[in-house]
Number of protein chains: 2
Amino acid sequence: MRPTLQTVADAVGVSRSTVSNAYSRPDQLSTELRDRVLAAAAALGYAGPDPTARSLRKRRTGAIGMLFTASLSFAFTDPYAVGYLRGLAEAAEQARTGLLLLPLSVEDDAAAVAAVNEAVVDGFCVYCMPDWHPALDALAARGLPVVSGQRRASDGPQSAFVGIDEAAATRAAGDHLMALGHRRVAVIGDYLSVAPTIGPALLTSPADVAYYTSRERLRGYQSAFAAAGVDWSTVTTVNVPGNCRDDGATAAAHLLDRAPRPTAIAALSDIVALGVLDALRARGLQPGRDVSVVGFDDIPEAAAENLTTVHQPAADRGRRSGELLLDRPADPADRTVVLPTRLVVRATTGPAPS
Amino acid sequence: MRPTLQTVADAVGVSRSTVSNAYSRPDQLSTELRDRVLAAAAALGYAGPDPTARSLRKRRTGAIGMLFTASLSFAFTDPYAVGYLRGLAEAAEQARTGLLLLPLSVEDDAAAVAAVNEAVVDGFCVYCMPDWHPALDALAARGLPVVSGQRRASDGPQSAFVGIDEAAATRAAGDHLMALGHRRVAVIGDYLSVAPTIGPALLTSPADVAYYTSRERLRGYQSAFAAAGVDWSTVTTVNVPGNCRDDGATAAAHLLDRAPRPTAIAALSDIVALGVLDALRARGLQPGRDVSVVGFDDIPEAAAENLTTVHQPAADRGRRSGELLLDRPADPADRTVVLPTRLVVRATTGPAPS
DNA sequence: GAACCCTTCTGGATCGATACAGTACGCCGT
DNA sequence: ACGGCGTACTGTATCGATCCAGAAGGGTTC
């Protein structure tokens, strides 16, 4: 049987409280006694107060949870997610707090809810979740602090937001394309359809998209296009099941292999945009001359491949999220942080071919 | 005050146990009563059994811990680490378990020990830690299952190992260099010196290195060189403080900007090797012709840049580690897994210039 | 010398659940 | 009528700590 506080207390001949104090409140007992207690503990192989019991009593666990939809493994594949995670990890490290990654099963909603309900954490960070996911309701029910990167109608005054103005960001990118004269445009992104397939998404309006990030980004493009007189019904939207390069290339094929092909393709992430570039090159088309391409995120590879994109501060977003979670401001106004974005024009956008 | 099992029990007029059973053992009560209990819970805003209390009682937390030295943020920068993490995350996801990342402060040993002692987990994964780190002793003291990628003298029969034969892997790489006729060779790696500075490491023998991975890899090179008659004292070793590309380039500068320069440089990781390639190109030298370069890990970028390297299965390592931790084999023999490595010869190694 | 304080240590209540032995009761077979 | 059995639910002990009111003892103050 593993030793407990009581075991050590009996060995030294003091009370349980005293042994507890030896570890947690050294000023409450004489150094002489404290040394004796610690020596006895070492002799008995007692490694210090049990973290679980301590968490129960202290009502704090020393960890924050991070929810992932899409298999966790996938998250590590996306440089943007990695950047976000890095920022979050920095904040956690600073606060001497652990970071609990919670892989939420995509198929099994009940399991996802269970995972949220069983997570031993002091708060949650939500990053990229479909709005309708039941785990989000489970989250709200637990009543722990939550910092989210996406707004939901059901958000209470409790919740905090750290993110960007997604629609404004794509509005700038859309304006850029319009200024270059593009009128036949297409958008590729994930979660545009409910079904996880590659192919045209049958959207009547961005509002149909059940996923905050994609929906807002689409809205931005819609407003930019509308301002230039391009009606949304003439815009082709293509869904990708996963946020990865290959899917981007496959999705682009749907657009490029039929006439008339769009003169500009806007991808809702850089990873997908890079796939679009692959597809262009495979067909001997030159990005920025034959077809313009815009991404989103500004991951390192985007600079390397000269992709025009929207920059957003990934690590900052993670860091601020962690900070807000660990040190929650009393004033609700301070619990909304909107970080700046910036259109980065590189070589993959150019005037529309006549 | 947040509701507890008792609150709900009182509301329904049943015992606490029954409410507990409604959540955890539905077969123990009639469906009719169960529905009534759950309805009352919902009405009271009770989100289900408190995970911390449950963990205490059940003696299991539903999470495994992963120790990181080097700031956590750094870990996400290294594609090899990300691969390992991905594998581990997959195993965790499969077992419906959380993954607690524990950033261990490098400067503050006491804080690192505290982090280990306070982690609410069922077991630990150790991946890249200096042998002497006190957190490893704290780990052993806690008596939880541990899966490590590095062997230590103090490992008990309890511990499990998932890794590769580091020395055999570099022995193959060293043999390759020797077969190509290289005799003036240098090795660049991290943790070769105690001090975190870039520069020559004053090593009399690989055994001096206090860091398992680097030590074993050096040993492999030493034995390969010795077999070809190249004495270790003629080998220059250069330390890098961080496992990153820039440091690799700076370290290579130490070797390239003095005569006679080595004809081959072995880096203990691909990231560092890529930095060496940068340094070569900056000086107009051609990798594989003027100077040969070998890496280690075989990260995706290595293939892209045609780097000769040693392949090791990053994700497998993580996955097997997780599996062993979550489903520990009774037979100690099954608790040692040595995964295969493979020398991948690409374009950065060639015959020694005469 | 009474009142008070400070340091050091104690004991019982508590955190919120689960485990398990036990009770109550209806049903069956003889 | 009675023992045996299964189902549905209860009650107490327990997991391993921390909190906090309070006691014991020595020193200071007036």
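Numbers restart at 1 for each chain; the letters A, B, ... are given by sequence-line order, proteins then strands.
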Under a 4.0 Å heavy-atom cut-off, which of residues 36-62 of chain A touch DNA chain D? A:Tyr46, A:Gly48, A:Pro49, A:Asp50, A:Ala53, A:Arg54, A:Leu56, A:Arg57, A:Lys58
Can you sort out the partners of B:Ser15 under side chain to side chain donor-acceptor pair (under 3.5 Å), two or more places apart, ordered by chain and number? B:Thr18
By the salt bridge (charged side-chain N to carboxylate O under 4.0 Å, His left out) test, which pairs, at least two apart or in different chains, include something from residues 320-330 of chain B? B:Arg320-B:Glu323
Please evaluate residues B:Asp316 and B:Arg86 with respect to the criterion salt bridge (charged side-chain N to carboxylate O under 4.0 Å, His left out), reporting the C-alpha separation (whole Å), side-chain torsions for both, the decisive distance (0.1 Å), and the verdict. CA-CA 9 Å; B:Asp316 279 350; B:Arg86 192 173 61 220; over 6 Å; no
Residue pair B:Gln28/A:Leu5 against DNA chain D: nearer the 5' end by closest nucleotide is B:Gln28
May I have all residue pairs that pass side-chain hydrogen bond (donor to acceptor under 3.5 Å, both in side chains) and include part of residues 42-52 of chain B, sequence neighbours excluded? none
Who pairs with B:Arg16 by side chain to side chain donor-acceptor pair (under 3.5 Å), at least two apart in sequence or on another chain? B:Gln6
When you look at A:Asp131 and A:Arg215, which way does the salt bridge (charged side-chain N to carboxylate O under 4.0 Å, His left out) test go after all the steps? CA-CA 10 Å; A:Asp131 295 6; A:Arg215 183 175 61 242; 2.9 Å; yes
B:Phe124 meets the ring-ring contact (aromatic ring centres under 6.0 Å, His included) criterion, sequence neighbours left out, with none
According to side-chain hydrogen bond (donor to acceptor under 3.5 Å, both in side chains), does anything in residues 20-29 of chain B pair up with another residue at least two apart or in another chain? List the pairs. B:Ser24-B:Arg54
Euclidean distance, atom CZ of residue A:Arg25 to atom P of C:dT8 [Å, nearest integer]: 14 Å
What's the shortest heavy-atom distance between A:Val116 and A:Leu67, and which atoms? CG2-CD2, 4.3 Å
Under a 4.0 Å heavy-atom criterion, DNA chain D is touched by chain A from D:dG16 to D:dC19
If you find the nucleotide of DNA chain C closest to A:Asp27 and the one closest to B:Ser24, which residue's nucleotide is nearer the 5' end? A:Asp27
Sequence-distant partners of A:Tyr211, ring-ring contact (aromatic ring centres under 6.0 Å, His included), two or more places apart: A:Tyr191
Look for any protein N or O under 3.5 Å of an N or O in nucleotides 10-12 of chain C and output each such pair with its distance, or none.
{"residue": "C:dT10", "atom": "OP2", "partner": "A:Ser15", "partner atom": "N", "Å": "2.9"}
{"residue": "C:dT10", "atom": "OP2", "partner": "A:Ser15", "partner atom": "OG", "Å": "3.1"}
{"residue": "C:dT10", "atom": "OP2", "partner": "A:Thr18", "partner atom": "OG1", "Å": "2.5"}
{"residue": "C:dG11", "atom": "N7", "partner": "A:Ser17", "partner atom": "OG", "Å": "3.2"}
{"residue": "C:dG11", "atom": "O6", "partner": "A:Ser17", "partner atom": "OG", "Å": "2.6"}

A:Glu32 CD to C:dC9 C1', in whole Å, measures 13 Å
For B:Glu118 and A:Pro51, which heavy atoms make the closest approach, and how far apart are they? O-CB, 3.5 Å
A:Tyr212 meets the ring-ring contact (aromatic ring centres under 6.0 Å, His included) criterion, sequence neighbours left out, with none
Report the end-to-end axis angle of the helix from C:dG1-D:dC30 to C:dT30-D:dA1; each axis comes from five terminal pairs, and the value is rounded to 10°. 50°
Any idea which heavy atoms bring A:Val12 and A:Leu33 closest together, and the distance? CG1-CD1, 4.3 Å
